[in-house]
K.L.:
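Structure below; questions to follow.
Lettering of chains follows the sequences in order, A, B, ..., and the numbering in each one begins at 1. Everything numeric here is computed off the predicted structure, so don't read it as measured data.
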Number of protein chains: 2
Amino acid sequence: MANISDVAKKAGVSKATVSRVLNNTAVVNKDTKKRVLEAIESLNYTPSFLAKGMRRKKTSTFGVIIPDFRNPYYSELLKSIEEEARKHDYIALICTGEMNAEREREYIHYLLTRQVEGLVLCCYVSIMENEPFIHNVAKRVPIIVMDQPSFGLPVSSAYADGYNGFSKLLTYLIEKGHKRIGMIRSLHRYPCSESRFLGYRDTLKNHGIDLDQDLIEESEFTAAGGYEAAKRMLARSAPTAIIGVNDLLAIGAMKYIREKGYDVPGEIAIAGHDNIALSSLVSPQLTTVNIPVEQIAAEAITQLIRKIQNPRSRNSDIVIDTQLIIRQSTEQVKKDVIMM
Amino acid sequence: MANISDVAKKAGVSKATVSRVLNNTAVVNKDTKKRVLEAIESLNYTPSFLAKGMRRKKTSTFGVIIPDFRNPYYSELLKSIEEEARKHDYIALICTGEMNAEREREYIHYLLTRQVEGLVLCCYVSIMENEPFIHNVAKRVPIIVMDQPSFGLPVSSAYADGYNGFSKLLTYLIEKGHKRIGMIRSLHRYPCSESRFLGYRDTLKNHGIDLDQDLIEESEFTAAGGYEAAKRMLARSAPTAIIGVNDLLAIGAMKYIREKGYDVPGEIAIAGHDNIALSSLVSPQLTTVNIPVEQIAAEAITQLIRKIQNPRSRNSDIVIDTQLIIRQSTEQVKKDVIMM
DNA sequence: TTGAAAGCGCTAACAC
DNA sequence: GTGTTAGCGCTTTCAA
């Protein structure tokens with residue numbers, strides 16, 4: 001592999017000059033520039049990112065930790081993160097934490113070793129238990145957590161307001177006459193799940209409905225988990241509606257319920273949260289709460305990069321509003337003309 | 001940020017010794033080692049990946065180009081790639097080519113700039129048109145293409161045998177009595193789609209069934225595309241079965257067909273390819289062809305790293321067998337006891 | 001407008 | 001078992 005010296009020699013100039021034409025960092029004589037460009041071309045030269053980064057103390061890289069590639073919500077998020085990173089000439093190093101605190105910490109360490117300039121933590125499981133750890137990491141690089149507030153930690157955050165989203169959903173269901181509304185929440189107490197649960201609990205209370213423990217189930221973030229949770233719930237209670245803390249769970253639950261022969265939404269209404277593409281693909285199409293993923297990603301990455309460029313800039317909490325999307329799983333419509 | 005000299009000074013040893021304990025590259029006196037470790041700890045020191053990589057001429061990074069995060073098949077593939085990379089102490093730089101030849105090339109360039117040591121190209125659109133380009137890239141780093149053969153290019157490959165998979169599927173459908181079997185193939189002539197199509201075509205021919213152009217449709221790799229393609233096909237013909245070149249298309253098609261009031265599989269049977277998680281979530285569950293993703297990823301990454309470590313080792317074509325998975329969308333079963 | 005030289009943080013060869 | 005030293009390939013003063 002050719003290096004900058006080879007190019008310099010071939011073009012009959014110094015390394016400095018080559019560097020200048022490479023980075024447009026100073027005016028270079030037209031002819032000189034041409035010679036350099038030709039040398040680069042003919043040697044098939046690519047500057048070393050390593051050397052450049054070392055000199056500049058810059059990797060143009062940030063780390064991203066998501067729970068799982070296979071949750072479609074994160075697929076959509078990653079797509080948006082990639083585009084945003086590209087715009088700012090950054091690249092994302094993506095790792096899956098698998099909802100495992102130790103794995104998350106290990107990866108953060110690893111990413112720090114790789115000189116990431118910032119960190120995006122999505123539904124980061126152990127943010128509270130690891131407070132000292134996060135403090136330490138935040139001293140080295142800016143962090144933005146997604147799907148949850150910053151809880152007073154020295155990090156930024158960008159998230160959809162799940163409390164509000166589920167409040168809207170519950171209000172809607174209650175107004176439709178539902179009183180026995182079950183919820184499948186997450187097995188662990190992730191903040192993103194908790195806030196939605198609180199929205200559920202408080203809205204019930206505000207409408208004079210007592211929380212019924214028989215109507216609360218817990219599950220992993222998978223469709224299979226939702227299926228099993230619905231089975232357990234129906235074995236001991238008779239809800240007229242079930243909501244999942246996310247669409248995947250709700251879809252799993254719906255599968256069980258339909259297999260059991262119940263009519264959806266006639267006998268049991270179902271709803272989720274996130275508005276993943278799949279939610280409009282299943283039949284009946286799933287009522288859900290939309291998260292404007294692109295917008296969140298854009299604001300999050302912009303904020304992260306701002307903070308990278310100016311480490312003394314303030315952390316911010318970006319809260320994004322959600323929208324209730326009413327579909328067939330809670331509302332018998334004559335004919336759904338909207339497709340996907 | 002502390003560097004190796006700071007640690008050396010603090011521990012009262014030379015940089016070389018610090019390096020030795022860091023990398024376990026030589027025996028170090030027990031006490032010395034302890035002092036170094038303490039210095040590292042107290043300074044909160046992390047070695048610079050950049051400097052190390054520069055010295056060693058190694059980034060322990062390879063690039064991955066997939067078409068789209070949002071296609072669940074690639075989510076599963078990425079998961080497996082991540083795990084394999086981790087095992088070998090590599091990390092993957094993941095980019096989406098979006099089935100766009102120019103974007104793919106741009107990203108490959110970029111990844112090369114980032115000193116990736118190898119490249120994994122998944123369903124790489126433009127492999128044939130870009131032959132000279134690929135030749136050039138292959139001179140610099142080993143490449144493995146997935147989902148397609150190497151076509152005589154200087155690259156390795158790892159793929160499921162789509163021709164064979166669709167042969168099995170078609171044989172099964174024909175033996176069940178289907179004669180008018182429609183296929184939704186991909187809009188562009190991706191190799192991974194083509195080989196499946198050829199399996200379809202040849203199996204029909206071997207059973208004395210002529211190819212009927214009215215039964216062939218084309219679509220993007222999305223459920224929405226499958227939906228529209230099914231609509232167009234049914235508008236001009238009456239198949240008794242429709243297969244999608246992948247599950248996503250098949251699921252979209254199934255959605256349209258059920259919305260139109262047809263019974264699946266009673267009036268029209270449906271099948272796909274890939275066995276994505278979603279295929280067993282929809283109802284009726286989708287008959288499909290399973291790709292052992294984990295196995296492909298494992299063999300692909302192992303081969304890539306072997307070639308990185310020994311550039312003169314031979315490229316290889318890893319062909320992996322697929323399995324026909326029969327489910328409700330082609331077979332009326334009494335009660336499907338298998339869940340997801 | 002250009003070149004010389006120093007040095008980013010590390011590893012590896014060699015010497016002791 | 002440990003230290004010294006010479007770079008890896010680049011950017012960035014500083015001089016010219």
K.L.:
Any carboxylate oxygen within less than 4.0 angstrom of a Lys/Arg side-chain nitrogen, looking at B:E82 and A:R103?
P.N.:
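Result for this pair is yes, salt bridge flagged.
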
K.L.:
For A:I4 and D:dG7, what is the distance between atoms CD1 and P respectively, to the nearest whole Å?
P.N.:
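Atom-to-atom, A:I4 to D:dG7, this comes out as 18 Å.
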
K.L.:
Start with the C-alpha gap between B:S316 and B:R306, add the side-chain angles, then the distance that decides, and say whether side-chain hydrogen bond (donor to acceptor under 3.5 Å, both in side chains) holds.
P.N.:
CA-CA 11 Å; B:S316 65; B:R306 179 185 312 135; 5.1 Å; no

K.L.:
With the side chain counted from C-beta on, respond yes when A:F151 and A:I134 share a heavy-atom pair under 4.5 Å apart, and no when they do not.
P.N.:
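No, their side chains stay 4.5 Å or more apart.
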
K.L.:
For DNA chain C, determine which residues of residues 7-29 of chain B have any heavy atom closer than 4.0 angstrom to one of its atoms, and list them numerically.
P.N.:
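DNA chain C contact set from residues 7-29 of chain B: B:K15, B:A16, B:S19, B:R20, B:N23.
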
K.L.:
So that I can tick it off, tell me whether A:E117 and A:R56 are bridged by a salt bridge, with the cut-off set at under 4.0 angstrom between side-chain N and carboxylate O.
P.N.:
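Salt bridge: no.
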
K.L.:
Decide side-chain hydrogen bond (donor to acceptor under 3.5 Å, both in side chains) for B:T59 and B:Q115; before the verdict, give the C-alpha distance in whole Å, the side-chain angles of both, and the deciding distance to 0.1 Å.
P.N.:
CA-CA 7 Å; B:T59 54; B:Q115 252 80 38; over 6 Å; no

K.L.:
Would you say the side chain of B:K15 lies within less than 4.5 Å of the side chain of B:V18, judging by non-hydrogen atoms?
P.N.:
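No. Closest side-chain heavy atoms not under 4.5 Å.
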
K.L.:
To the nearest 0.5 Å, how far apart are CG in A:L22 and NZ in A:K33?
P.N.:
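One gets 11.0 Å once the value is rounded to the nearest 0.5 Å.
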
K.L.:
Do B:Y190 and B:H188 have their ring centres less than 6.0 Å from each other?
P.N.:
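That pair passes the under 6.0 Å test.
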
K.L.:
Begin with the C-alpha distance, continue with both residues' side-chain angles, and end with the deciding distance and a verdict on side-chain hydrogen bond (donor to acceptor under 3.5 Å, both in side chains) for A:K139 and B:N44.
P.N.:
CA-CA 11 Å; A:K139 262 180 225 150; B:N44 199 8; over 6 Å; no

K.L.:
Given the rule in the side-chain hydrogen bond (donor to acceptor under 3.5 Å, both in side chains) test, do B:D317 and B:S150 qualify, once you have shown the distances and angles that lead to the verdict?
P.N.:
CA-CA 7 Å; B:D317 284 275; B:S150 59; 3.0 Å; yes

K.L.:
Of all of residues 32-60 of chain A, which get a heavy atom below 4.0 angstrom from DNA chain D, listed by number?
P.N.:
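A:Y45, A:P47, A:S48, A:A51, A:K52, A:R55, A:R56 - these, ordered by number, are the residues of the stretch whose heavy atoms sit under 4.0 Å from the strand.
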
K.L.:
Of all nucleotides in DNA chain C that come within under 4.0 Å of a heavy atom of chain B, which is furthest toward the 5' end and which toward the 3' end?
P.N.:
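First-to-last contact on DNA chain C, by the 4.0 Å heavy-atom rule, is C:dG9 to C:dA13.
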
